[in-house]
Protein chains: 4
Amino acid sequence: MDYQKILKDIHQEIQPYATIGKQADYIPALAKINPDQFGMCIRTIQDETFMHGEATTGFSIQSISKVFSLAMCLSLEGDNLWKRVGKEPSGTAFNSLVQLEVEKGIPRNPFINAGAIVMTDILLKHLKHPEEEYLRFIRSISGNDLIGYNEQVALSERENGYLNAAIANLLKYHRNISNDIERVLHFYFLQCSIEMSCYDLSKAFLPFANHKQAFAFENITLTSSQVKRINAIMQTCGFYDEAGEFSYLVGLPGKSGVGGGIAAVYPLRYSVAVWSPRLNRKGNSVMGIKALELLTTQTQESIF
Amino acid sequence: MDYQKILKDIHQEIQPYATIGKQADYIPALAKINPDQFGMCIRTIQDETFMHGEATTGFSIQSISKVFSLAMCLSLEGDNLWKRVGKEPSGTAFNSLVQLEVEKGIPRNPFINAGAIVMTDILLKHLKHPEEEYLRFIRSISGNDLIGYNEQVALSERENGYLNAAIANLLKYHRNISNDIERVLHFYFLQCSIEMSCYDLSKAFLPFANHKQAFAFENITLTSSQVKRINAIMQTCGFYDEAGEFSYLVGLPGKSGVGGGIAAVYPLRYSVAVWSPRLNRKGNSVMGIKALELLTTQTQESIF
Amino acid sequence: MDYQKILKDIHQEIQPYATIGKQADYIPALAKINPDQFGMCIRTIQDETFMHGEATTGFSIQSISKVFSLAMCLSLEGDNLWKRVGKEPSGTAFNSLVQLEVEKGIPRNPFINAGAIVMTDILLKHLKHPEEEYLRFIRSISGNDLIGYNEQVALSERENGYLNAAIANLLKYHRNISNDIERVLHFYFLQCSIEMSCYDLSKAFLPFANHKQAFAFENITLTSSQVKRINAIMQTCGFYDEAGEFSYLVGLPGKSGVGGGIAAVYPLRYSVAVWSPRLNRKGNSVMGIKALELLTTQTQESIF
Amino acid sequence: MDYQKILKDIHQEIQPYATIGKQADYIPALAKINPDQFGMCIRTIQDETFMHGEATTGFSIQSISKVFSLAMCLSLEGDNLWKRVGKEPSGTAFNSLVQLEVEKGIPRNPFINAGAIVMTDILLKHLKHPEEEYLRFIRSISGNDLIGYNEQVALSERENGYLNAAIANLLKYHRNISNDIERVLHFYFLQCSIEMSCYDLSKAFLPFANHKQAFAFENITLTSSQVKRINAIMQTCGFYDEAGEFSYLVGLPGKSGVGGGIAAVYPLRYSVAVWSPRLNRKGNSVMGIKALELLTTQTQESIF
C-alpha cells in the first residue's frame with residue numbers, strides 16, 4: 001500500500017472543503033490560529049511513517065487527551081473505573097448536563113467532558129505529582145520529551161469554562177468527585193491544553209493499534225484486552241454526537257478534539273493523525289473527517 | 001371570624017401529622033433544629049394579630065426570601081426583569097438544570113433557585129451595599145430591626161451548595177449572570193439564611209395582602225398592580241412541584257421554604273405565616289400545609 | 001360597575017391587536033373561519049348579562065370543554081380521579097409525550113390533552129350513553145338545548161389527530177386507559193367539537209363563579225369546595241404554557257381553546273367569555289387575553 | 001482455530017449463567033417458550049459450519065429482522081434513506097418517544113423501533129407485494145425456503161403493541177410515515193415474527209461478513225462499501241442502550257432481538273448466531289452475550 005501517494009491524493013481531493021467551517025473561537029488562543037492548515041501522518045506497526053502537509057506543527061490536542069487519561073485510569077484503577085463512569089454513547093450533543101442530572105452524576109462515557117472530569121478526579125487520587133506524571137506518560141508514549149502544557153490556553157479555558165465548572169459542581173453534588181473542584185478543573189484544563197503534532201499523535205496512538213505488543217510506558221501498563229477495549233470505546237463514543245456518522249463513513253476507532261485534530265487506529269496495521277482547524281457544527285474537523293473517509297475508502301481497509 | 005379559636009382548633013386537629021416527615025438535614029444548622037415545633041400567626045389588614053404556638057421563635061426563612069427579592073427587583077428593574085427570568089411554573093421538581101439547559105439559561109420563574117440567583121445578580125447591579133440594603137428592606141417591611149443574617153448557615157450552605165454552584169455556572173455560561181459567581185452565591189445564601197418568626201413574616205407579608213395601601217419600604221416601592229402580580233406568581237410558582245396541590249387544597253398565594261416556614265396572603269383580608277420543620281417529599285412543611293388547608297376550609301375563605 | 005361601557009371601551013382599546021396572530025388551521029373547519037371576529041359576554045351572579053360584538057355567534061369551544069369534563073369526572077369519580085391524573089402545571093408546551101413517558105402514563109393535569117383523554121376514559125366507565133349524557137349536562141348548565149356536537153369537526157380532528165392518537169396509545173401502554181382507543185378518541189374529539197357562543201359559555205361558567213349556590217345539573221353535582229378546587233386548577237393549568245403569564249396579567253381562573261375562546265370566572269362576582277379566532281404562538285386568543293387583561297385592570301377586580 | 005471445541009467449551013463455561021434473567025413475556029407466544037435452551041452456530045466465509053446445542057431450533061428473531069430491513073432499504077432507497085432516519089446511537093433505553101418528539105420525528109437510527117417503522121414505510125413504497133418479497137429475500141439470503149412468518153405472534157404483538165402504535169402515530173404526526181398506520185404496523189410486526197434458527201441466521205449474516213463477495217439476493221443488491229456501513233451501524237446501534245457494553249466486551253458488529261437471539265459478524269472471517277431466551281434488564285440474551293464475549297476472548301479475534 002503506497003500510503004505516501006494516498007496521503008498526497010487525499011490532500012488534493014479534499015481541497016473543495018478547504019474553506020468550509022471555522023475554527024473554535026471560544027478562547028483567544030484557539031481563535032487566533034490560522035485555520036487554513038492541514039497535516040496528516042500515518043505510522044504503521046512496522047514503524048514506517050508517512051506524512052503530508054503540516055504534520056509536524058504542534059496544536060492543541062484538546063479532547064484527544066481523554067484517550068490518554070482513559071489509558072492511565074484503566075491501568076491505575078482497573079474495572080472499578082466503570083462504577084463511576086459508563087461506556088455507552090451519550091446520544092445527543094448538547095445534553096451532558098441533562099443526562100448527568102437524570103442519571104444521578106454518572107457520566108455516560110469517559111470521552112464526554114463529564115466523564116473526563118471524573119477521570120481527572122481519579123488520577124488525582126492515584127498520582128503524587130499529577131501534572132508531572134501525566135506529562136511524563138505522554139512524553140513516553142509519543143517518544144517526544146518536548147511535549148508540554150500550554151498554560152496560557154489552560155488558564156484561558158478555565159476563565160471561560162463555566163459549562164465545565166457547572167458539570168464539575170453537578171458531579172460533586174452527586175458525590176462523584178472527591179477532590180476540590182478547582183483542583184480538578186485546573187488539571188483537566190491542563191490536559192486539554194497539551195500541544196502535539198500529527199507526527200507525535202501517530203506515535204502516541206500506535207500502541208493502541210499494536211495491541212499484541214506490551215503496553216508499558218512509565219508505570220502505566222495495559223493488557224492486550226484492555227487496549228482493545230479502549231479502541232471499542234473510541235469506536236462508539238469518540239466523536240460526541242457524530243460517532244455513528246464517523247463509524248459509518250470512516251470505520252476506524254478514533255478521537256477528535258476541538259483544536260481540529262483527530263487520531264485513529266486501524267488495529268494491527270497503523271495509527272493515523274490528521275489536523276485541520278476548521279470544524280463542522282458537531283465540533284469535528286471538516287477536512288480531518290473527509291481525509292479519513294477517503295483513506296479507508298481508497299485503501300478499502302476498515303475494521304468492518 | 002374568631003381567628004384565635006380557629007388557630008387553636010387547627011393546632012389540635014393536625015396533631016396526627018405531628019411526627020410525619022423530617023426536617024431538612026443537608027446542613028448541620030438545619031439538621032439540629034428540634035423538629036417538633038409549630039407556630040402560626042395571622043395578621044389582618046386591620047392590624048389585628050392572632051398567634052398560636054411558637055409564633056415568635058425565629059427560624060431560617062430560606063426560599064421565602066425569594067418573595068422579598070422579587071419585590072425589590074420589580075421595584076428596581078421594572079418589567080425588564082422578565083427578559084432574564086420567566087413567569088411560568090417549572091413543571092417538575094428535579095429538573096432545574098434540565099430546563100435551564102433546554103431553555104438557554106432563562107429560568108422558568110423567580111422562585112426556583114435559578115431564578116433567585118438571577119435576581120441576586122440584578123440586585124448586585126442596583127445596590128451599592130447589597131447585603132445592608134437587603135436587610136434594611138426586610139427590617140422595614142417587618143418592622144423588626146433585630147432581624148439578621150445567620151452567617152453560620154450561609155457559610156454552611158455555600159460549602160455544600162454544589163447544585164446551586166452548578167446552576168450559577170450554567171447561568172453564567174448562558175450570559176445570564178454578569179457578576180462574579182462567588183459574589184452572587186455569597187449574597188444568595190445570605191438571603192436564604194435570614195431568620196424570622198411567624199410573627200415577623202406575617203407582618204412582612206401584610207403589604208402583599210393589603211395592596212390598596214401604598215407599598216413603600218426604604219426606597220422600594222411597588223404599585224398596587226405590581227403587588228397583585230407578585231401574588232399571582234406566588235400562586236402559580238410558590239411551592240415548587242406542589243404549586244398545583246397547594247392551590248387546590250389551600251387556595252391562597254404563598255411561598256414555602258425548606259426551613260419549614262410558609263407565608264401566604266388572603267388579598268385584602270390577612271397575611272398568615274406558619275412554621276413546622278418536618279417536610280414532605282416535595283420539601284414543604286407537612287403541618288404547615290395541613291394547617292393552611294384547614295384555615296381556608298374552616299373559614300371558607302380562599303381566593304377561589 | 002358599568003360593565004357594558006367597560007366592554008365597549010375594551011373593544012376599542014384592543015383594535016391595535018386586531019390583525020395579530022392567525023386562527024388554528026390544522027383542520028379545514030377551523031381554517032375557514034373568518035378570523036376578524038370578536039365577541040365578549042359578562043354574566044354576574046345576579047344574572048345580569050353584558051354583551052359586546054359577536055357574543056351570540058357559536059364557535060368551536062375545543063379545550064374549554066375540558067372544564068365540563070372535569071366537573072363531570074369529579075362528580076362521578078370523586079378524589080379517585082387524582083390517582084389517574086395529576087394537578088400540577090405541565091411546565092412546557094410541547095412536552096406532553098415526554099412527560100407522559102417519564103411519569104409513566106400519569107398526565108400532569110386534566111387540562112392537557114393527555115389528562116382529558118384519561119377523563120374521557122373515566123366518563124366512558126360511568127356513563128351509559130356517554131355522548132348523549134355529556135351533551136345533556138352542557139345543555140343543562142348553559143340553559144341552551146340547541147347546543148350540539150359538530151360531527152364534521154370531530155371527524156376532521158380524528159383524521160388529523162395523530163398526536164392525540166400517539167398520546168392515547170402511550171396512555172394505554174401504561175394501562176391508564178381501559179376502553180378501546182378508537183372509542184375514547186371518538187368521544188374526546190366530539191367533546192372538543194361542541195359549538196357554543198360567548199353568551200352560552202358565560203352562562204355555563206356562572207356556576208363555577210357562584211359556588212355558594214348548589215351545583216346540580218342533570219345528575220352532576222358538586223360541593224362548593226369541589227367547585228373552588230376546579231377554579232384552582234383552572235388558575236394553575238388553564239392556559240398550557242401560558243398559565244403563569246395569564247395569571248400575572250389577568251388574575252382570574254380560566255380556560256382557553258384553540259377555537260379562540262376563553263372562559264373565566266371572578267369567584268362570587270361574575271363569569272366572562274371572550275372569543276376571537278387569531279391565536280398567539282402559545283395557542284391562546286390574542287384579543288381574548290388582551291381583553292381580559294383590560295377588564296381586570298380597569299375594574300381593578302382580580303382574585304389577587 | 002478449532003471452533004467446534006471452542007463452542008463446546010463456551011457452553012460449559014456459561015453454565016453459571018443458565019438461570020439468570022427471564023424470557024420476554026409481554027405476549028403469550030414468547031412467554032410460553034422453554035427458557036432453558038441454548039444454541040450457537042458459527043459459519044466461516046469458507047462455508048464451514050460449527051454448531052452446538054439447539055442450533056437448528058427456530059425462534060422469533062424479532063429485532064434481528066431490522067438488519068434485513070436495512071439491507072433492503074439501502075438497496076432500494078440508497079442514501080436518501082438517511083433523510084428520514086439517523087445513524088447515531090440513541091443514548092438511553094427508555095426514551096424513543098422523548099427523542100422522537102425533540103428531534104421532530106426523525107428516529108435516531110434504523111435499529112430502534114421508530115427507525116424500523118420508518119423503514120417499513122419505505123419498503124411499502126417500493127415493494128408491490130411487501131410481505132412476499134420480504135420473505136423471499138430472507139429465504140434467499142439464508143438459503144432456507146421453509147422460513148416464514150408466525151402470524152400468531154404478529155397478531156399478538158399488534159394487540160399489545162400500544163407503544164409501537166404510539167411511535168407510529170408520532171411519526172405520522174411529523175409526516176415521516178406516508179402509508180396508513182395500520183398497514184405499516186401489520187407489516188412491521190410480521191417482520192418481527194419471522195422464525196429462524198441459529199443455523200439459518202448464521203447463513204443469512206454471512207454475506208455481511210463476506211463483503212468482498214457480491215451481495216445479491218433476489219433483487220436486493222449492495223456494494224461492498226454499503227455492507228461495511230451496515231456493519232458499522234450494527235456496531236454502534238445494535239444493542240439498544242447496551243451497544244457500548246457489547247462493543248467493549250465482545251467487539252463484533254451484531255444485532256439482538258428480544259426472542260433471545262443475537263447475530264454478529266467478524267468481517268472477512270465468519271458470522272455467528274446464538275440463542276438463549278433469558279434476557280438481562282436491557283433486553284439482551286444473558287447467555288448469548290456471555291457466549292460471544294468468551295468467543296472473542298478465547299479466539300483473541302475481534303475487530304479491535
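Residue numbers begin at 1 in each chain, while the letters A, B, ... track the order of the sequences.
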(request) Under 4.5 Å heavy-atom distance to chain A, tell me which part of D:Leu249 shows up: side chain, backbone, both or neither. (result) both
(request) Is it possible for you to check whether A:Lys87 lies under 6.0 Å from the centre of the six-membered ring of D:Tyr248, through NZ or CZ, and within 45° of that ring's axis? (result) yes
(request) For the pair D:Glu245 (side chain) and A:Glu88 (backbone), establish whether a donor and an acceptor sit closer than 3.5 Å, ignoring hydrogens and angles. (result) no
(request) Count the heavy atoms belonging to other residues, nucleotides or ligands that lie under 6.0 Å from OH of D:Tyr173, then report whether that count exceeds 12. (result) no
(request) Verify the neighbour count for atom OH of A:Tyr17: are there more than 12 heavy atoms of other residues, nucleotides or ligands below 6.0 Å? (result) no
(request) Flag yes if more than 12 heavy atoms outside A:Gln12 fall under 6.0 Å of its CD atom; otherwise flag no. (result) no
(request) Report yes if the side chains of A:Phe304 and D:Gln235 come closer than 4.5 Å at any heavy-atom pair, otherwise no. (result) yes
(message) Less than 4.5 Å apart, side chain to side chain, heavy atoms only: is that true for D:Asp241 and A:Arg108?
(response) yes
(message) Out of D:Tyr266, D:Phe246, D:Trp82, return the one with the most heavy atom pairs under 4.5 angstrom to chain A.
(response) D:Trp82
(request) Flag the pair D:Arg229 and A:Glu293 as a salt bridge only when some basic side-chain nitrogen lies within less than 4.0 angstrom of an acidic carboxylate oxygen. (result) yes
(request) Kindly give the heavy-atom pair with the smallest separation between A:Ile303 and D:Pro267, and that separation in Å. (result) O-CG, 3.6 Å
(message) Heavy-atom pairs under 4.5 Å with chain A: which of D:Lys212, D:Glu242, D:Gln300 has the most?
(response) D:Glu242
(message) Out of D:Asn231, D:Asn109, D:Val227, return the one with the most heavy atom pairs under 4.5 angstrom to chain A.
(response) D:Asn231
(request) Sequence neighbours left out, what passes side-chain contact (heavy atoms from CB on, under 4.5 Å) with D:Ala204? Give chain and number order. (result) D:Phe68, D:Ile141, D:Ser142, D:Met196
(request) Tell me, for A:Ser302 versus chain D, whether the close heavy atoms (under 4.5 Å) come from the side chain, the backbone, both or neither. (result) both
(message) Tell me the closest heavy-atom pair linking D:Ser247 and A:Ala232, and the distance in Å.
(response) O-CB, 3.3 Å
